[in-house]
Each structure stands twice: as C-alpha cells, then as structure tokens.
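Below: the structure, in structure tokens.
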Amino acid sequence: MMARDVHGMYAMVDCNNFYVSCERVFDPALEGRPVVVLSNNDGCVVARSPEAKALGIVNGEPVFRRKSFFVRHGVRMFSSNYALYGDMSARVMQVLSRFSPDVERYSIDEAFLCFPALARDRLLETAGRIRLAVRQWTGIPVCVGMARTKTLAKLANHTAKRMPGGGNCLLDDAAEIEGCLARTPAGEIWGIGRRHARFLHEHGIETALDLARRPREWVRRHLALPGLHTVMELNQEPCIPFERNPPPVRSLMCSRSFGTEVADLGSLEEALSTRVQQAAAKLRAKGMAAGAVQVFVETSRFRSEAYAGDSGCAVLPAPTSFTHDLNAAALQVLRGIYRPGFAYRKTGVLLLDLISEGCRQLHLFDAPVVREGPRKALMAAMDRVNAVHGRGTLVLASSGFGAKPWHMRQTRRSPRYTTRWAELPVVR
DNA sequence: TCTGGGGTCCTAGGACCC
DNA sequence: TCTGGGGTCCTAGGACCC
C-alpha cells in the first residue's frame with residue numbers, strides 16, 4: 001500500500017436521492033414535490049425525494065399497497081430508468097476525477113476519493129468545491145464525508161446528509177469522532193447489517209461507540225473478520241483497501257421478475273434466452289468468457305402456495321462468450337429443473353468461472369482456427385447493431401416472436417434523455 | 001392483480017487423500 | 001472389543017453492500 005493510502009484522507013461522495021435527482025435534472029417541475037422511483041417491474045420503492053420521506057414512505061415498500069396514499073398526496077412515481085441513471089453516474093464520476101487521480105467508483109451513486117493529508121480548512125474547502133462542481137456540471141446534488149478510514153468517511157457522509165443545509169463533514173478529531181459514534185446506532189454503520197445489528201442489540205451494544213469499544217477477540221469471534229475490520233476502522237485504523245482499479249468481476253448475473261405468472265416451459269425458455277443474450281453481451285463488453293452457466297427459476301416468495309426455487313449448473317467444454325453456446329447450455333439446464341404445475345415469477349442466469357478472453361484455454365477438439373473468427377465477427381456484428389439501434393434489435397429466435405406476457409411491467413419510465421436521439425429533452 | 005437486481009467475501013463442513 | 005490424524009479443495013449458505 002502506498003504512503004498516501006495510509007496517511008491520507010478518504011472522501012466519500014454520495015449523490016443525494018440519486019435516482020430521484022436524475023429525474024429532476026430533466027424535469028424541474030418535480031422540484032419540491034414528493035417523488036419516488038420504483039424497482040424493476042414497478043414493484044417497490046427504491047428511491048425517495050425528501051418530500052416523499054417526510055410523508056413516511058419507506059424504501060422497499062410495495063407500491064400496490066400504498067397506491068391510494070400515493071395518489072392522495074400527489075406522489076409522482078417513476079419506473080426505474082437505468083439507461084439514464086447509468087449515464088448520469090458516468091458524468092458525476094467524470095467530474096470527481098478532476099479532483100483526485102484516485103477515484104474508486106463504489107456504486108452507481110457513490111465514490112471514494114483519496115487525498116493527501118491536507119490541513120483541515122483545505123480539506124473542507126475541497127469538499128465544498130466538489131459539491132459545487134458536481135451540482136453545476138451535472139445537476140446532481142451530493143454530500144461529502146471525509147475521514148482517515150473508509151468506514152469513518154461513510155459515517156461522515158451519513159452525518160453530512162443529516163445536517164440541515166450542510167453537505168460536508170470532516171471527522172478527523174478523536175473527541176469529535178467519539179461524539180459522532182455515540183450518536184449513531186450500531187446498525188447504521190457500514191458493514192453492520194440487520195442480522196449483526198440484532199445480535200449486537202441482544203448483547204447490549206446499541207451505539208457505534210459501544211461497538212468500537214468491544215474487545216477485538218470478541219468481535220472477531222462473533223462478527224468474523226469483516227466485523228473486526230469495521231471495528232478497527234471505527235478506531236481510525238485503515239483496513240479496507242482503496243481500490244482504484246477494481247479487480248475483474250468473478251460472476252455476472254442477469255435476471256428479471258415476470259410481469260405475470262408463467263407456467264409453461266416455452267415461455268420460460270423465451271424469457272431465459274432473453275436474459276442469456278443480455279448476459280453474454282455484458283460478458284463480451286468486459287472482454288471475458290464464462291466457464292460455467294447456472295440457471296434458476298423461482299415462484300413468488302409472497303404467495304401461500306408451495307414455493308419452488310430450483311437451480312442447475314452446466315460446465316462448458318471450454319470458456320466462451322459465444323451467445324449460442326451459452327444459450328444452448330442454459331436452456332438445457334432449464335429443461336432439467338423445470339417442474340410443470342408451478343406459477344413461476346422469475347428466471348435468470350448466472351455466468352461463472354469468468355476469465356479474461358485473452359487468456360482462455362481453447363478446447364482441444366473445437367477446431368478453434370476455423371470457428372473462432374466467424375463467431376467473433378458474428379458477435380461483434382450483433383453487439384454493434386444492438387448498441388446502435390437499441391438492445392433487443394437483433395436477437396436469437398429462441399427469445400420468441402409473439403406477445404411476451406412475461407415482460408416486466410414498466411409503465412412509468414421517463415425518456416432516456418441522454419442516450420437516445422429520439423428521446424432528447426425538448427426545450428420550449 | 002401487484003413485493004428488484006446484481007454483486008462480494010467468509011466460514012463451516014463434507015469429500016477426498018495419504 | 002478395539003477403528004487416527006491431518007491436510008487440501010470445493011461448495012453451499014449466510015452475511016454484507018448498493
């Protein structure tokens with residue numbers, strides 16, 4: 001680890017109500033009104049404006065249960081628009097990269113930045129400039145938290161978000177950190193999930209400060225290694241590495257709930273094939289190949305009827321990113337795990353044992369010289385067509401031709417303002 | 001009628017081997 | 001009657017994150 005990682009400062013930059021903010025950038029009329037963004041299939045709430053939070057709407061709440069409440073309070077609802085959010089995220093990250101060469105994109109709406117140890121006022125000034133620049137150049141409001149460890153930087157950000165009209169928080173003073181930990185419930189700390197929070201509560205540990213003061217062996221025994229790292233980081237000892245270049249992904253999943261229940265094998269095959277083609281395109285975009293394919297089907301977890309969740313796996317003769325081979329393997333697995341008589345709600349594919357395309361081992365009897373060229377060209381052509389004309393323009397026949405009742409519901413999606421020529425915002 | 005999707009890491013325990 | 005010990009590898013499941 002380089003010196004600046006050890007002695008430097010981490011900044012955690014987190015977009016405020018990111019999905020809602022993206023919608024507001026292109027529709028200022030949403031400003032000041034309660035707005036929520038829904039999960040895929042318009043299932044439940046995944047993002048809320050402050051006004052929506054003030055109404056008592058909680059994340060993860062199923063929409064259908066609160067429909068009349070939403071209507072009564074004029075809550076604007078949006079289906080999730082990942083084309084828009086992904087593009088806006090890239091713009092935010094672009095701006096952040098002007099403030100530090102060390103940017104770790106942590107999620108679609110968060111990034112860690114690494115700074116050398118500057119004076120307190122210089123750090124706070126930098127935080128202020130970051131917020132201003134991101135706001136001006138992308139339209140997205142952000143908060144900045146700074147501290148010597150990632151866990152404390154997350155906490156600082158969390159604190160910044162709660163400051164009225166604030167937006168920056170620097171936690172570098174021992175007494176100040178202690179005060180902040182004492183005011184924070186243990187379950188709100190990054191790395192302490194629901195299960196651990198309940199466990200801690202049962203043992204009389206309520207605040208982050210209680211947790212930070214537990215003996216290390218006790219933490220190691222009950223919360224395992226990641227828990228120990230969290231506690232060390234709360235005590236200003238950096239354990240969680242800064243990853244400027246994220247390690248290559250090890251698996252890749254593509255799945256969707258259906259818009260309606262699906263019982264027949266034919267429709268399941270169409271739906272699965274659609275997911276496999278998506279996953280294969282993602283795989284190629286990363287320059288990788290998969291060594292194995294896992295498939296799963298699932299009925300609703302919320303119905304009283306018997307639950308069925310089945311999965312199966314196929315190991316490929318050689319790692320590949322060729323859609324046709326992945327598709328054939330996946331469909332074969334599906335036929336093995338399918339059980340008639342169940343009302344399935346979801347299917348998906350998981351590509352495993354990923355390796356870089358460049359260093360993959362070809363199959364001995366696959367005549368690679370003859371077949372690799374045309375296959376690569378075919379996939380490149382498909383990817384190009386789908387990039388230019390939209391996903392799903394050119395597909396395998398196995399994803400079906402007719403009506404697709406299994407398609408997810410998405411009735412309230414805003415235009416893809418920044419990624420489709422036909423959907424550019426119009427200024428009047 | 002209607003409840004998301006996509007990742008990572010760690011650990012325990014079984015299989016297997018000598 | 002009496003039936004070892006220790007190592008590695010793999011997998012499933014559970015925890016976490018957004």
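Predicted model, so just to flag it, every value in this text is computed and none were measured. Order of the sequence lines sets the chain letters (A, B, ...), proteins ahead of strands, with each chain counted from 1.
- Within the 4.0 Å cut-off from OP1 or OP2 of B:dT3, not a single side-chain nitrogen or oxygen of A:R303 is found.
- Spacing between atom CZ of A:F64 and atom P of B:dT1 amounts to 10 Å, rounded to whole angstrom units.
- When rounded to the nearest whole Å, the span between OH of A:Y344 and P of B:dT3 equals 17 Å.
- For the 3.5 Å distance criterion, the side chains of A:Y106 and A:E243 fail to qualify, holding no donor opposite an acceptor.
- At whole-Å resolution of the value, CZ in A:R221 and P in C:dA15 are 18 Å apart.
- A:S414 and A:D27 share no side-chain donor-acceptor pair at under 3.5 Å.
- With rounding to whole Å, A:I108 atom CD1 is found 11 Å from B:dG6 atom C1'.
- C:dC18 atom P lies 12 Å from atom OH of A:Y19, rounded to whole Å.
- Contact annotation: A:S257 reaches the phosphate of B:dG5 (side-chain N/O to OP1 or OP2, under 4.0 Å).
- Here the C1' atom of nucleotide B:dT1 and the CZ atom of A:R409 are 8 Å apart, to the nearest Å.
- Computed from coordinates, the A:F258 CZ to B:dT3 P distance equals 12 Å when rounded to whole Å.
- Taking only distance into account, the side chain of A:R301 never meets the base of B:dT3 through a donor-acceptor pair shorter than 3.5 Å.
- Distances shorter than 4.0 Å separate some side-chain N or O of A:R220 from OP1 or OP2 on B:dT11.
- Here the C1' atom of nucleotide C:dC17 and the CZ atom of A:R105 are 14 Å apart, to the nearest Å.
- A:D109 comes within 4.0 angstrom of the backbone, heavy atoms only, and of no base.
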